[in-house]
Amino acid sequence: MKRGLRYLILATMIITVFILLASYVYAEPETISLPKLGFSVESSDNPQDVSNSVKILLLLTVLTLAPSILIMMTSFTRIIIVLSFLRNAMGTQQMPPNQVLIGLALFLTLFIMNPVLTEINDTALKPYSNQEITQDVAIDRASATIKMFMIRQTSKDDLGLFVSLSGMKTPIKEEEIPNLPLTIVIPAFLISELTIAFKIGFLIYIPFLVIDMVVSSTLMSMGMMMLPPVMISLPFKILLFIMVGGWNLITQSLVNSFVL
């Protein structure tokens, strides 16, 4: 009986010690202060503060729109439209996927724009990084280089259209074209790019359209009007495209269509 009482007292002491240790270990830690981030608009009597805030806001806006602006001023527009026409003409639906077409268009754009980017780097970016020229001079040199690239791809009719819409005196002389502002050159360049891309797309559609007509006429003459012609013509389109080296021809035509 005494031995059992001893065991009970010993067990009670052990449990008490564990409870005390557990309460010490799991005690509430001290409060840790964390930094608070926020955005506030405060009034200022210094015009310089307002000017700097407006400049930062405009810079963030330009950085947000920079990818779209650069795409619209390069060869990307024509390339991606032609590749989309090719996929629709073949009738492969989502093959190649959009990611593949955009990636191919981006790398072709870098290949075509390489001389222009090199010139901008040599005449504007490097001198500005070496503090040889000011920021305004660097922007003017880069704008002039990219402007000359766009003018070489733009038809005179499209340039004349936006010159007349802007209220400038028409017709413009040949030596006055490089002095046109970007607000005229960029939309004229985009219209010319769309026109050339649609012309190339029309030529791409012709051989595939012939295959569709031949397959459709053959199926009708055999009385298989319930069989979709697309199921039969699609393998022939892919076979024709592979046999003639379609990707090589499309790439060569796209690269050679730009005047560098």
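Of all non-hydrogen atoms in R141 and P127, the two that sit nearest each other are NH1-CG, 4.3 Å. Minimum interatomic distance between A138 and A124 (heavy atoms only, all atoms of both residues): O-CB, 3.5 Å. Here the closest heavy-atom approach between residue F258 and residue Q153 is recorded as CA-OE1, 3.4 Å. Summarising the geometry of I80 relative to S84, their closest heavy-atom pair is O-OG, 2.8 Å, with the distance given to 0.1 Å. Across all non-hydrogen atoms, the minimal contact from M72 to T77 is CE-OG1, 3.9 Å.
Under the 4.5 Å side-chain heavy-atom criterion for grouping Ile, Leu, Val, Met, Phe, Trp and Tyr, M213 is not connected to L234 through any hydrophobic cluster. Linking ILVMFWY residues whenever their side-chain heavy atoms come closer than 4.5 Å, directly or via other members, leaves L203 and L83 in distinct clusters. Cluster membership for V210 and F208, using ILVMFWY side-chain heavy atoms within less than 4.5 angstrom, is not shared. Under the 4.5 Å side-chain heavy-atom criterion for Ile, Leu, Val, Met, Phe, Trp and Tyr, M90 and L209 are members of distinct hydrophobic clusters. Hydrophobic clustering (ILVMFWY, side-chain heavy atoms < 4.5 Å, transitive): I211 and V214 are in distinct clusters.
To the nearest 0.5 Å, atoms CE (M150) and OG (S143) are separated by 8.5 Å. Expressed to the nearest 0.5 Å, how far CD1 of I120 lies from CD1 of I146 amounts to 5.0 Å. Taking OG of S155 as the reference point, atom CD of E193 lies at 10.5 Å (rounded to 0.5 Å). Between atom OG1 of residue T154 and atom CZ of residue R152 there is a gap of 10.5 Å, rounded to the nearest 0.5 Å. For the atom pair NZ (K199) and OG (S257), the distance works out to 12.0 Å, reported to the nearest 0.5 Å. Note that OG1 of T145 and CG of N121 are 11.0 Å apart. Values are rounded to the nearest 0.5 Å.
Residues F162 and I191 meet the side-chain proximity criterion, which asks for heavy atoms closer than 4.5 Å. Between F189 and L159, the closest side-chain pair of non-hydrogen atoms is not below 4.5 Å.
Ring centroids of F85 and F202 are separated by 6.0 Å or more, keeping the two rings apart.
In this structure a side-chain-to-backbone donor-acceptor pair under 3.5 Å is missing from R78 to A197. In terms of modelled atom types and a separation under 3.5 Å, the side chain of K237 and the main chain of A89 share a donor-acceptor contact.
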Donor-acceptor pairs are to be reported for all side-chain atoms of residues 238-254 against protein atoms at under 3.5 Å, with residues two or more places apart or in another chain.
residue : atom : partner : partner atom : Å
T251    : OG1  : W247    : O            : 2.8
S253    : OG   : L249    : O            : 2.8

For residues 97-118, which side-chain N or O atoms pair as donor and acceptor with protein atoms under 3.5 Å away, sequence neighbours left out?
residue : atom : partner : partner atom : Å
N98     : OD1  : R87     : NH1          : 3.0
N98     : OD1  : R87     : NH2          : 2.9
T109    : OG1  : A105    : O            : 2.6
T118    : OG1  : N114    : O            : 2.7

